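Note: hydrogens, waters and symmetry copies are ignored here, and every other heavy atom, side chains too, is used. Not measured: the values here are computed from a predicted model.
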Amino acid sequence: MSRIYLIRHGKTEANEQHLYCGSTDLPLSETGVAELKDLHYSIQDARFITSGMKRTEQTLNMLFADVPFTVEPDFQEVDFGAFEMLSYDQLKDRQDYKAWISGDNDSNVPPNGESGAQMTRRVIAAFQKYANTPQDTVIVTHGGVIAALMAYLFPEEKKNRYQWQPDPGHGYMVENGCYSILE
C-alpha cells in the first residue's frame, strides 16, 4: 500500500493578515519562505502534485527542490467569492456575510463562491483519482483541502475541518487507514 502525504503550503500575506483567501493566487510571504527553510521531509520515489497555485508550487520547490510534478486544479482551496481577501473585521457588519456564517456554515455558499461541501466533493473526486496506486504521492495543497480530506478519510475522529487543518508547511502522512502528523 502506498503512502499519501498531504502538505499545506507555507504562509502568505493573507494568512498573516487573517484574510479569507482561497481563489486568489498569492505567493508565499517572506515569513512563509523563512519558515519553510527549517523544514525537511525525506520523501523519495514519490509522485508530486500541487493545486497549481503559486503558493503550493513555491512550497513544493522549497521542500523538495526541482522535482517534476502534476497540477491538479481540483485541489485548490474553497472559493470565498465576494469575501475573498477580506477579513472578519471588514465583513462582520455585512448582511450577506452574517447569512453565510450563520446556520450550516459548511453548506452555505458565499456570494459568487462555493460552499465547503461543494469544495469537499470536488477535492474527494480528485483524491480518488490518485489514491490506491502503488506509488507514494505527495500533495502540496491548502489547509481547507487537507482538512476536508482528513475528515473524509477519518470520520470516526469526528473532527471538524478547523481541527484537521495543519500549520503552514506541515500536514499528514496517510497509510493503511492510519495517519501520522508531519513535523
Side-chain angles (χ1 to χ4, degrees), residues 1-80 84-85 87 113-114 116 119-120 122-153 161-162 164-175 178-183:
M1 183 72 168
S2 65
R3 295 179 179 138
I4 297 178
Y5 299 88
L6 302 170
I7 301 174
R8 183 180 180 187
H9 64 78
K11 278 185 188 167
T12 66
E13 287 186 18
N15 297 129
E16 293 167 10
Q17 297 172 22
H18 305 287
L19 305 178
Y20 288 100
C21 179
S23 62
T24 303
D25 196 10
L26 294 180
L28 298 175
S29 66
E30 288 181 22
T31 301
V33 169
E35 289 175 351
L36 289 177
K37 286 181 180 177
D38 294 332
L39 295 176
H40 302 284
Y41 297 119
S42 204
I43 302 169
Q44 300 173 351
D45 300 322
R47 167 181 49 194
F48 293 89
I49 301 169
T50 74
S51 70
M53 305 292 269
K54 289 175 192 170
R55 55 198 184 263
T56 62
E57 293 186 4
Q58 286 178 295
T59 299
L60 174 73
N61 188 267
M62 289 196 68
L63 295 177
F64 300 101
D66 191 25
V67 296
F69 64 94
T70 300
V71 170
E72 177 55 70
D74 285 337
F75 286 136
Q76 290 181 6
E77 185 63 274
V78 68
D79 182 350
F80 293 107
E84 188 77 15
M85 297 305 292
S87 70
E114 72 180 329
M119 181 270 295
T120 297
R122 167 174 53 81
V123 166
I124 290 170
F127 180 79
Q128 289 172 339
K129 291 190 292 187
Y130 300 102
N132 299 318
T133 62
Q135 188 176 23
D136 289 352
T137 301
V138 175
I139 303 171
V140 180
T141 187
H142 309 268
V145 170
I146 293 170
L149 286 170
M150 292 301 288
Y152 165 73
L153 293 169
R161 62 182 171 202
Y162 302 106
W164 279 116
Q165 197 166 97
D167 289 335
H170 298 273
Y172 300 96
M173 188 272 296
V174 177
E175 181 180 30
C178 298
Y179 70 90
S180 59
I181 297 171
L182 294 176
E183 298 188 86

Considering residues at least two apart in sequence or located in another chain, which fulfil the side chain to side chain contact (heavy atoms under 4.5 Å, CB included) criterion with [X]?
{"X": "Q128", "value": "I124, Y152"}
{"X": "A34", "value": "none"}
{"X": "S23", "value": "D79, E84"}

Original post:
Do any pairs count as a salt bridge (Lys or Arg N to Asp or Glu O under 4.0 Å) and have a residue in residues 32-44, sequence neighbours left out, and if so which ones?
Top reply: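 Salt bridge (Lys or Arg N to Asp or Glu O under 4.0 Å) check on residues 32-44 returns K11-E35.
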Original post:
Applying salt bridge (Lys or Arg N to Asp or Glu O under 4.0 Å), which residue pairs with at least one partner in residues 55-76 are found, sequence neighbours left out?
Top reply: E72-K129
Name all residues meeting the side-chain hydrogen bond (donor to acceptor under 3.5 Å, both in side chains) criterion together with [X]; count only those two or more places apart in sequence or in a different chain, and write none if there are none.
{"X": "T141", "answer": "none"}
{"X": "T50", "answer": "none"}
{"X": "T70", "answer": "none"}

Original post:
For V145 and S51, what are the C-alpha separation, side-chain angles and deciding distance, and is it a side-chain contact (heavy atoms from CB on, under 4.5 Å)?
Top reply: CA-CA 10 Å; V145 170; S51 70; over 6 Å; no
Original post:
Got a sec, which residues hit salt bridge (Lys or Arg N to Asp or Glu O under 4.0 Å) with R122, two or more places apart in sequence or on another chain?
Top reply: E114
Subject >> All ring-ring contact (aromatic ring centres under 6.0 Å, His included) counterparts of F64, not counting sequence neighbours >> reply: F48
Subject >> Non-neighbouring partners of F80 that pass ring-ring contact (aromatic ring centres under 6.0 Å, His included), sequence neighbours left out >> reply: Y20
Original post:
Does any donor atom in the side chain of T120 or R161 lie under 3.5 Å from an acceptor atom in the other side chain?
Top reply: no
Original post:
More than 12 non-hydrogen atoms from neighbouring residues, nucleotides or ligands closer than 6.0 Å to CD on Q135, yes or no?
Top reply: yes
Tell me which donor-acceptor pairs under 3.5 Å the side chains of residues 164-174 have, and how far apart each pair is, sequence neighbours excluded?
unit_1	atom_1	unit_2	atom_2	d
H170	ND1	L182	O	3.3
Y172	OH	W164	O	2.8

Original post:
Going through the checks in order, is the side-chain contact (heavy atoms from CB on, under 4.5 Å) test met by V140 and L63?
Top reply: CA-CA 10 Å; V140 180; L63 295 177; 5.6 Å; no
**OP:** Working to the nearest 0.5 Å, report the span between CZ of F127 and CD1 of I49.
**Re:** 9.5 Å
**OP:** Mind checking the CG-CD1 spacing from L60 to I139? Nearest 0.5 Å is all I need.
**Re:**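 Going from CG on L60 over to CD1 on I139, the span is 12.0 Å.
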